[in-house]
Each structure stands twice: as structure tokens, then as C-alpha cells.
Amino acid sequence: MPQLHTLGFPRIGVRRELKHALERYWAGTANREELDATGRELRARHWAVQAEAGVTLVPVGDFAWYDHVLEWTCTLGAVPARFEQPADQPGELDTLFRMARGRAPTGAPAAACEMTKWFDTNYHYLVPEIWPGQTFRIARNSLFDQVAEARELGVNAKPVIPGPLTWLWLAKGDAYDGADDIAKLDLLPNLLPVYEAVLKRLAEQGVEWVQIDDPILVLDLPQAWRDAFASVYATLKAAPVKLLLATYFGALGDNLDTALSLPVAGLHIDLVRAPEQLAPVVAALRADQVLSAGIIDGRNIWRTDLDAARDRLAPVAEALGSRLWLAPSCSLLHVPVDLAAEQQLDDELRSWLSFAHQKLEELALLGQALNHAPGHAGTPSQQPSQQPSLAATHAAWAAQRAACQTRRTSPRIHNRALQARLTDALAIDRARAPFKDRIASQQAWLKLPAFPTTTIGSFPQTKDIRGLRRDWKEGAIGDAVYEAAIRKEIAGSIAFQERIGLDVLVHGEAERNDMVEYFGELLAGFAFTQNGWVQSYGSRCVKPPVIFGDVSRPAAMTVGWTTYAQSLTDKPVKGMLTGPVTILQWSFVRDDQPRQQTCEQLALALRDEVLDLEQAGIRVIQIDEPAFREGLPLRRSQWAHYLHWAVDCFRLSTAGVGDTTQIHTHMCYSEFNDIIEAIAAMDADVITIETSRSNMELLKAFEDFSYPNDIGPGVYDIHSPNVPEVDWMVQLMEKAAKRLPRERLWVNPDCGLKTRGWPETEAALAKMVDAARFLRSAA
Ligand SMILES: Nc1nc2c(c(=O)[nH]1)N[C@@H](CNc1ccc(C(=O)N[C@@H](CCC(=O)N[C@@H](CCC(=O)N[C@@H](CCC(=O)O)C(=O)O)C(=O)O)C(=O)O)cc1)CN2
Ligand SMILES: [Zn+2]
């Protein structure tokens, strides 16, 4: 039977045990021993479930207290000076937490490291900081400790570490100009000896295989970076362990020859995103190399079509024998932990789904089917001793086959009326009047001052609000009680905004568990989970909804809350929607039709909501697209196609309104340089963006492009509880005014305030309004 392995397992725990333990530790209500115990418990549990499923090489090093890239950065001793503490500080773990969050139970606070998206996922990693001449050393032993821990439990540990080139690519430093700066490669002579030392220590611990993750091999690489692979791996080759080079999230493409020429004992490829690479890789594999086939989707939650997978891999199994390994396409970090934790899904829908636990079962079934006579394995054959009985295996296989079949044909998936509407939608005009005409008619009624102030949408999601929602969902309180409490919350935030003098108000999003899940719950074609948590960053998780069928909007989703908020004030209240691209990007999406098509369905549903809001008198409407940049394909050759349909969907959602209705959008976590033209083509009247951490540097793209519409560059970082100074915000806006016309500028925070508390929110926004007033008086 082929060896089964995984590239990584979700670390958060089926009940978010890690989240709760971390937050207790940070709050000082749990000590280090309690935190450690939770970590040990989760690792042991996750190793055991994998080993029991038949995974023979179990990942170690995929566990992380906050982020696995940060763990590795700390292991390499790449700790910026501002986090260094006197030698007597207890526990290096707090240094890691200070790097992640700026503060920890011990040690002096410092500005946290930057956080950004992990490739095209909704997972965020902590960006390593590098500088010329930087030296490295093994500064943290957690990987070795965890290997020892696994081996004591009888687990065959396969340590997982980021490759040196991927780590450098992800790193940033003032001395370097972008991810691909070749000057970064000058650090390799300092970095590689530490890698060699790590591999040697792992070998001494009895480790046979080490997985080195080099996902940058699926990106467009400059030649110097591509060339660096040969010398890096020539050095690592000397280590007394076998290396499995792991690539995922796309095709090796023009890096294929590079990857195949490296002196590694095994290569993992993603066959879900890039099935076409199977044949060329098999053809070029050396006789002593293992192929790890990433055949189970690690980025989505659908059951695998096992018949198809077996048919594709059977000839490979025959050719490679035990040199074929089976794996998910990437780490299972990106899917929820266990479908068994869901009580409310109907049987049919449940039969279509597979979370991390279920993916292990799929892997085992496929492994058994490929065992012996693989070329004509019609059904799973002979079972190894501790595997489930043949009958059970047959039954599981048949159930999976049936589920795939019903999913293909279920009437729940296709909505004929919608199909007709989509065809009609092709003819809908996506254009609005020229911006200069629109903005004039908007200003005529909005009568906003210079440097108008607003916020991005959410106000603090307090424990009380979340507790209320839990009680409501559990049926402990009824709709009327819930609604009254949310209304009270909205009334409170409107009163607060009026008091401090904001210009364009928001209702505060108290009724939303999450900006995507909330809409998923109200749209048809979506399912949602009770415990389908996926880590987003640190202790923060999301429950991505599942888009299983054609999307439509049975009823208005936000009109009631928004008009209630508007009824309380004479100031304009901004309606608040999540855009089609972001809903698509942050959901688990159908794999039976192109993403573009699903996005168009979402766009039509949102268009109806926009028009209903307008009809109800809401004349400023924001359609958030924070995931617009994240959706950009990893390869440049695919950008134009994506940008075309993504912009088109945004415009389909928004362009139905009259000229006097003001459309806002919001983006964060994004580099805008690559997509500035597309942002302009979205043609929102106002875009609010995250810029404060980059000191308004991000505005350069808008300046260079002479971006024509209104812009609100964020003046303070909402990720920190620190209250910004008025002077600081004024300075930032003055910088912005050097790059862009003053009359186009708005004043707002970087992003929504849901993760903040009220005290700092009130203080920060009051100061922000003061800053805007100062700017007006100085004009
Ligand atoms: N989908 C998505 N992706 C995104 C973002 C986003 O907002 N949404 N923002 C960016 C950054 N990511 C973020 C992701 C999550 C959170 C966040 O705050 N998550 C919350 C969960 C939010 C949620 O779903 N809340 C639910 C359920 C909350 C909960 O834990 N309830 C308790 C009970 C309440 C309590 O006592 O706390 C329970 O069920 O036990 C609700 O409000 O209804 C968390 O991890 O804690 C913040 C930012 C990028 N990607
Ligand atoms: Zn945002």
C-alpha cells in the first residue's frame, strides 16, 4: 500500500481549545503550565488521529502557538532588536507573542511584526524581518522538543519546516525592495548552516524524513531565485536525513525542471490545483525518488471522487510501487477539523462534505484501493492487518461514490430561474455616469465638510453581544429579545457617533457574527456550520460558509437594521455589505462550476440588496472587498482574466444605483500596486484603505496612477489597542495630501473595529475627529 502522509493538520482544535487557552494566557487568567498542557494535549490528539487513520509519516512542526512561520523565525533566532529582553525574562514564548501581538504577559511592549496573507489563502502569517549581515542560530528548541514528544508517543515523526528560499521570499526588511529582491539571497551563507544544524539534530533524534515546504516554487520566480534552488539544495543534501520537497497551491509550471533537478529524496505536488503536472513529474522522477501525490483537496471541503482519483493514480502506483505516497494537496490547516462536530447539517449535505478527519479517511480508502493490482483495482482490495474490515471499506467506498453522484445531480444545486436571470444579467449596464458628475450630485445633498470622517463599519463585538447571539442561536432567548438587544446596541453606537461628531455614520454590525458568514446564513445556496472553525490568524478563527448550490437572496438582508439606524439620526448612515468577490473568497466554494460563475450569482444577489437599500432611503452604501487582492491568482498570466470578472462582478452589484447614491468600498491587507487599474475600474465613489502601518506608502500606487475618485487612507491601525495621537494622524493626512488632491480625501481608521474594546475605540475616534477638524481649519 502507498505510504499515507499529511503536510500538516489544523492546530486550533475542534472546539478551538488553542484559542481559548491562548486568550486565557494572554489575559493572565491561565499560567504557562496550563497553556503548555493544552498544546501537548492537542498535539497528541492530532498525531493520534492521523496515525490511527493509517498515516505513516506524521507531521511535527505544524503546531504553532500563533503562526508556523513565526515559530520558524524564532527557531532561526531572527528576532528584531526591539523584542529583545534582559536575559532574566522567563520564557522565550513571550518573545514570540510580543512579535505577534506587540505585548505578552512578560516583557516590554513593542510594535508587532507585520502580518499578511499566506499565498492566496485567508490565513495570515507573521512577516519575518531581515537585514543585511543578519546572523542566525538555533534559538528555540520547540521543534526538537515536539519531535521527542511525538517519538515518546510512538509516532513516526516527519518534521515540517519552511525552506530557506521560501522563508527569505516571505521576509521583509528596510534594506530590501520587495519579495523578490535578489539582495536577500546574500543572507543564504548565514542561513544555510543553521538549516544544516537543524537537520543534523533531527537526524540524531532518529528522524528519517523531513518535509521542506517551498511553495514559492509555484510562483513566477526571477531567474536568480530559481537558480538559487540548486545551490541551496546541494548544501542541504549533505544532511543525514531524507528531504521531501513540498510544493502546493499551484503548478510548478516553469519551475518544474528546477524542482525535478534538485537532489531531494521526494517531491510533493499539488494535483488538485494543478492535475496536469502528474504526467511530466512521473516521467522525470529519478529512480530513487518518492512522489507525494497531493490528491485530496486541502483547500476545500468536498468529498473526493475516489473512483476518479484511483483511476488517475493506478498507473502511477503500478509504475512507482512504494515510491508513490498519497497526501492532501496542502496542509489541512485550511479546512475545519471534524465533520462529526456538526449536528445540524442534513444528511445529504453532510454526505458531500469532508473536513480534516474525513480527509484522513479518504486518504486511507484511496491507499487501500491502490494496493496491489492497481491497474485494474475496481474496488478496494486486500486489507492490511490493522485496517478496517474489507466489508467496511467497501461500504465506505460505496457511500462516498453515492455522495459524489447525488451531488452531481441534486435538484438543490441548480436553480433554473436563476440561470435565466444570469443570462439576462449579461445585458445589464455596468457603467455609471462619470465620477465628476456623480460626486457633484452627491455633494449637493450630503453637504460634507472637507476631510469628511467615517468608520469602516464594525464597532466592538463585545462579549455581551457574542453571548447574546449564542443564547439566541441556542434558543435560550427568542427573536424579539435578540432583536431588541441588537437595536439597543445600534442606538448606542449611533448616539456615540453623533456625540463625537463623525460625518457619515454606520450602524456598527452588531448583528453580524462575521462579515461573510452573516450573509451566507441569509442567502440560498449556502450552508453553514456550528464548529467549522478555520484559523485566520493567531487565536482568531472564521467559519467559512459553504456555497453548495446556485446563490439567490430570498429576502432583504440588511435593510431592517440599516433603516432602523437611519431613523435615529439626520446624518447619513452608510449601508454595509460584503462584496461578491470577498464572499466568494472567504467561503468554501463549489468545485463543479468556475469561481467566476458563482461570483456572478453573488453579485446579482448583492445588486438586489443594494437597490433595496437605496429604495429604503439609504443613499451611502459600502460594499467591502478586502479579499479582492487575495483572490488574485498566484501566476501573473492569470491575472487579467481574474481582474476582469472580479471588477465586472463588483460593478454588477453596484452600478444599478442613481448618481446621487454614493458607493463606497473598503480594502485592507493589500498591496495595491499590482491592481490599481482594476481598483479604478471598480469605480466606487469612495474607497477606504488600510495605510497607516505603511506610513501612507501604499498611496504611491494611487498617486502614480492619478486615481480619480475619493480615497480614505486609514489614519490609524485598528489591530492595536493603542490610542493614536492627533498630531500623528494630522501628519499622515498631510502626507496623503501631498500625493492626492485634498478635496478627494476622507479621514477614517484602517479597518473595522470589531476586535477592539469600547474604551480605546471611543478615545481613538474622538481624536480622529479632532484631527479632521484641525485639517479643515488649516486649509
Ligand atoms: N471571514 C473573514 N475573514 C477575514 C476577516 C473577517 O472579518 N472575516 N478579517 C480579516 C482578519 N480576520 C479576522 C478573523 C476573525 C476575527 C474574529 O474576531 N473571529 C472571532 C469569531 C467571530 C465569530 O464567528 N463570532 C461568532 C461566534 C463567537 C463565539 O465564539 N461565541 C462563543 C460565545 C460567545 C462568547 O462568550 O464569547 C461560543 O460559541 O462559545 C459570533 O459573534 O456570533 C474569533 O476568532 O473569536 C477577526 C478578524 C481577514 N479575514
Ligand atoms: Zn478591513
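Heavy-atom basis, side chains included; hydrogens, waters and symmetry copies ignored. Keep in mind that what you see is a predicted model, and the values were worked out from it rather than measured. As the structure lists them, so they are numbered: ligands from 1, and atoms in each ligand from 1.
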Could you tell me the residue and atom name of the protein heavy atom closest to [atom], and the distance to it rounded to 0.1 Å?
| atom | result |
| --- | --- |
| atom 43 (O) of ligand 1 | Arg469 NE, 2.6 Å |
| atom 12 (N) of ligand 1 | Ser536 OG, 3.2 Å |
| atom 20 (C) of ligand 1 | Cys541 O, 3.7 Å |
| atom 37 (O) of ligand 1 | Lys463 NZ, 3.3 Å |
| atom 48 (C) of ligand 1 | Tyr537 CE2, 3.7 Å |
| atom 5 (C) of ligand 1 | Trp586 CZ3, 3.5 Å |
| atom 11 (C) of ligand 1 | Tyr669 OH, 3.2 Å |
| atom 16 (C) of ligand 1 | Arg540 CD, 3.8 Å |

N/O donor-acceptor pair under 3.5 Å between Thr453 side chain and Leu502 backbone: no
Does ligand 1 have any atom sitting under 4.0 Å from a heavy atom of [X]?
| X | answer |
| --- | --- |
| Lys543 | no |
| Arg16 | yes |
| His124 | yes |

Salt-bridge present ([X], [Y]; N to O < 4.0 Å):
| X | Y | value |
| --- | --- | --- |
| Lys574 | Asp503 | no |
| Lys754 | Glu509 | no |
| Glu521 | Lys473 | yes |
| Arg540 | Asp514 | no |
| Lys172 | Glu671 | yes |

Validation row, ring centre His334 to ring centre Phe249 under 6.0 Å: yes
Within the 6.0 Å centroid threshold, strictly below: Trp302 and Phe588: no
Heavy atoms only: which of [options] lies closest to [atom]?
| atom | options | value |
| --- | --- | --- |
| atom 46 (O) of ligand 1 | His20, Lys19, Gln585 | Lys19 |
| atom 50 (N) of ligand 1 | Val542, Asp464, Val534, Asn122 | Asn122 |
| atom 36 (O) of ligand 1 | Lys117, Arg466, Arg470 | Arg470 |
| atom 7 (O) of ligand 1 | Lys754, His719, Gln535, Glu23 | Lys754 |
| atom 1 (N) of ligand 1 | Asp514, Thr582, Thr462, Val516 | Asp514 |

Ligand 1 atoms in contact with Thr755 (distance to a heavy atom under 4.0 Å):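 Those of ligand 1 that fall under 4.0 Å from Thr755 are 47 (C).
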Among the N, O or S atoms of His666, the one nearest the Zn ion (ligand 2): NE2
CA sep, side-chain torsions, deciding dist, call: Glu71, Arg11, salt bridge (Lys or Arg N to Asp or Glu O under 4.0 Å): CA-CA 13 Å; Glu71 294 279 345; Arg11 52 184 85 110; over 6 Å; no
Contact partition for Asn513 relative to ligand 1, non-hydrogen atoms under 4.0 Å: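 For Asn513, the contact with ligand 1 is made by both the backbone and the side chain.
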Residue part near ligand 1, for Trp533, under 4.0 Å between non-hydrogen atoms: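 Side chain only; the backbone of Trp533 stays clear of ligand 1.
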Cation-pi check, Arg101 onto Tyr66 ring (under 6.0 Å, within 45° of axis):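 Ring-cation test returns no.
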Parallel, tilted or perpendicular: rings of Tyr123 and His68 (30°, 60°):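 Rings of His68 and Tyr123: parallel, as their planes differ by under 30°.
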Plane angle bin for Phe548 and Trp352 - parallel if under 30°, tilted between 30 and 60°, otherwise perpendicular: tilted
